[in-house]
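This report refers to the structure that appears directly beneath it.
By convention in this document, chain letters (A, B, ...) are assigned in the order of the sequence lines, proteins followed by strands, and residues within each chain are numbered from 1.
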There are 2 protein chains.
Amino acid sequence: MRVRCFECPLRRRRAFKPKTETEVGFLDALKRDHLSVPPGTELIQQGQEDADLYTLFSGWAFRFKTLPDGRRQILHFLLPGDFIGLQGAMFDASLHGVETLTDAEFCVFPRRRVWSLFEQVPQLAFEVSWLGAHEESMVDENLVSVGLRNAGERVAALILMLHRRCRTLDLVAPDNSIPFPLNQGHIADALGLSLVHTNKTIARLRRLGLFAQSNGRLTLLNPKVMERLAQYYEDEPAPRPII
Amino acid sequence: MRVRCFECPLRRRRAFKPKTETEVGFLDALKRDHLSVPPGTELIQQGQEDADLYTLFSGWAFRFKTLPDGRRQILHFLLPGDFIGLQGAMFDASLHGVETLTDAEFCVFPRRRVWSLFEQVPQLAFEVSWLGAHEESMVDENLVSVGLRNAGERVAALILMLHRRCRTLDLVAPDNSIPFPLNQGHIADALGLSLVHTNKTIARLRRLGLFAQSNGRLTLLNPKVMERLAQYYEDEPAPRPII
DNA sequence: CGCGGGTTTGAGAGTGTTCAATCTGTGTGG
DNA sequence: CCACACAGATTGAACACTCTCAAACCCGCG
């Protein structure tokens, strides 16, 4: 079922900067479709040449690359409000794939019309660039984890980052828990660790009482120690654009 | 000494897309300064709040982040034509530092005026976004290296990537050598390896006859084997924008 | 009840790290 | 011209972290 940008409930959350009527009108005209897919759907395939642009409306997904021999690296995780496919729209082919972790909905924008956005609504073009720069900063952060931190620190940093992102989206429950649809394979592929070692590391941190997991949710039990362990500190971000 | 955009020799190289007179005129008006600095200069500091935007006009540099305890991760290397500081201009503070590897020159653009570029010259705004997306794709690639490849594969992939980038800039000499201002510390910090292990890995690949180094240059001796080792294959890129 | 995906555990083999020294080439001051 | 300082490159050895292989285990589902 179609969701009109005028009534978009996502945009209204306090995480996002408000838009003018004109901007919303333009986006509503630009939006080609509203897509619902199950977990494990490959929204964009690595190498795909005609990938459209999307905003993740609900659910979780991730961006990844695979090597010829099949090894997979998860580049970063996508949460509601994230803009998807800018690289694909700029280059001939998408250099990465995108796959859903949960049931997910997407707003679909035709790739042909990106240029019209730059031409006609500079404010939206600026926000697209902002989102691109923001995505890059998250990849930067992941690269720091994988390049500099050991297994325990990486797991801690990943969980803290996801928890912080959920906080800005008001997805944190009163008991400090967040939805957590990743399995250990995803975590391993995101952190550049083997599945077995990821498992043992998670078990160790859990035994240390840093966090707990149950029925698809993760509860932060000791953020202080986690932050010290991962050397990960970040303040509350200001409201961000949404396309 | 000031270099006017009208006479910019860099832009004329075949690596870069041509610009209209209007675009060049706008950029020439936007350009505030032409900066020359020695090797090891910190052009942008991590956390700096008023960082301007730059185009690397000549020389090499790199973008990096450091953890509170001093460990440093190099995010990616900058070559002539690369656009610097978009993240810094979009956010309150720059989340990374930028440091030169060689004598280098930069075209300086005031951060206040980014918006005017989006507002007045959509084509340039589009190209700024293109460059941002392109930079992200390079960080993606590095993350794949650090997350998935072992030491030998990482070194091979890094050298192949730098060689390919030099090729597009016509920096490859007839003997297949490129300028190579990185020391082993930089390589280690870029690849997430210790200095000692980086040294031993480089020595091994050199003994295998894959490449050679002498007086600040690196010669690719066996690209085929390198590509197979690193599983790194990439075709010649199309001309790209330059700001 | 059996299957499959995801999780857990143990053990041995490596890859990569740390510590500590040595070596080399270059530049500086006497 | 030599002594010395210094940064970067190199080497060896012991140790630690992470990987691979192999096997169980758990749980929801047909």
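Atom-to-atom, CG of N215(B) to P of dG8(D) comes out at 17 Å; the value is rounded to the nearest Å. One interatomic measurement links the two molecules: NE2 of H186(A) to P of dG6(C), which rounds to 8 Å at whole-angstrom precision. Per the geometry, CG belonging to L205(A) stands 14 Å off P belonging to dC17(D), to the nearest Å. Between the CD1 atom of I202(A) and the C1' atom of dT8(C) there is a distance of 11 Å, rounded to whole Å. Atom CZ of F180(B) and atom C1' of dA9(D) are 14 Å apart (whole Å). The distance between atom CG of L193(A) and atom P of dG16(C), rounded to the nearest whole Å, is 13 Å. Atom C1' of nucleotide dC21(D) and atom CG of L195(A) are separated by 13 Å, given to the nearest angstrom. Distance, H197(A) NE2 to dG12(C) C1': 15 Å, rounded to whole Å.
With respect to R164(A) and E227(A), no salt bridge is recorded, no charged nitrogen being found less than 4.0 Å from a carboxylate O. Contact check on R149(A) versus E141(A) returns a salt bridge, with a Lys/Arg side-chain nitrogen under 4.0 Å from an Asp/Glu carboxylate oxygen. Salt-bridge annotation for E234(B) and R165(B): absent, with no side-chain N of the basic residue lying under 4.0 Å from a carboxylate O of the acidic one. Here D170(A) does not pair with R13(A) in a salt bridge; the nearest charged N to carboxylate O distance is not below 4.0 Å. By the 4.0 Å N-to-carboxylate-O rule, K65(B) lies too far from D189(B) to be salt-bridged with it. Salt bridge R32(A)/D52(A): present, at least one basic N to carboxylate O contact under 4.0 Å.
At dG16(C), none of the side-chain N or O atoms of R149(B) fall inside 4.0 Å of OP1 or OP2 (strictly under the cut-off). Between dT15(C) and R204(B), no contact under 4.0 Å exists linking OP1 or OP2 to a side-chain N or O.
Between the CZ atom of R63(A) and the CD atom of E135(A) there is a distance of 4.5 Å, given to the nearest 0.5 Å. In this structure, OG1 in T66(A) is found 10.0 Å from CD in Q231(B), a value given to the nearest 0.5 Å.
With C166(A) as the partner, the side chain to side chain contact (heavy atoms under 4.5 Å, CB included) test is satisfied by one option alone out of L220(A), L218(A), I178(A): I178(A).
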Would you tabulate the pairs of protein nitrogen or oxygen atoms and nucleotide nitrogen or oxygen atoms of nucleotides 25-30 of chain D closer than 3.5 angstrom?
none

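In the set dT18(C), dT18(D), dG16(C), dT18(C) carries the atom at the smallest distance from any side-chain atom of V196(B). Out of dA11(C), dC19(D), dT10(D), the shortest distance to the side chain of R206(B) is found at dT10(D). Listed candidates were dA22(D), dT11(D), dG16(C). Nearest to the side chain of N199(B) is dT11(D). Closest approach to the Q184(B) side chain among dA13(D), dA9(D), dG10(C) is made by dA9(D) (side chain taken as heavy atoms from C-beta onward). Of the candidates dT18(D), dT20(D), dG8(D), dG8(D) carries the atom nearest the N183(B) side chain, counting heavy atoms from C-beta on.
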- Please walk me through it: do H34(B) and F57(B) pass ring-ring contact (aromatic ring centres under 6.0 Å, His included)? CA-CA 9 Å; H34(B) 190 86; F57(B) 178 81; 4.8 Å; yes

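If you check residues 63-72 of chain B against DNA chain D, you find no residue with a heavy atom closer than 4.0 Å.
Of the residues near DNA chain D, K200(B) and G185(B), the one whose nearest nucleotide (by heavy atom distance) lies more toward the 5' end is G185(B).
Within the 4.0 angstrom heavy-atom criterion, no nucleotide atom of any strand lies near A203(A). Among the atoms of the strands shown, only primed sugar atoms or phosphate atoms (P, OP1, OP2) are found under 4.0 Å from some heavy atom of G192(A).
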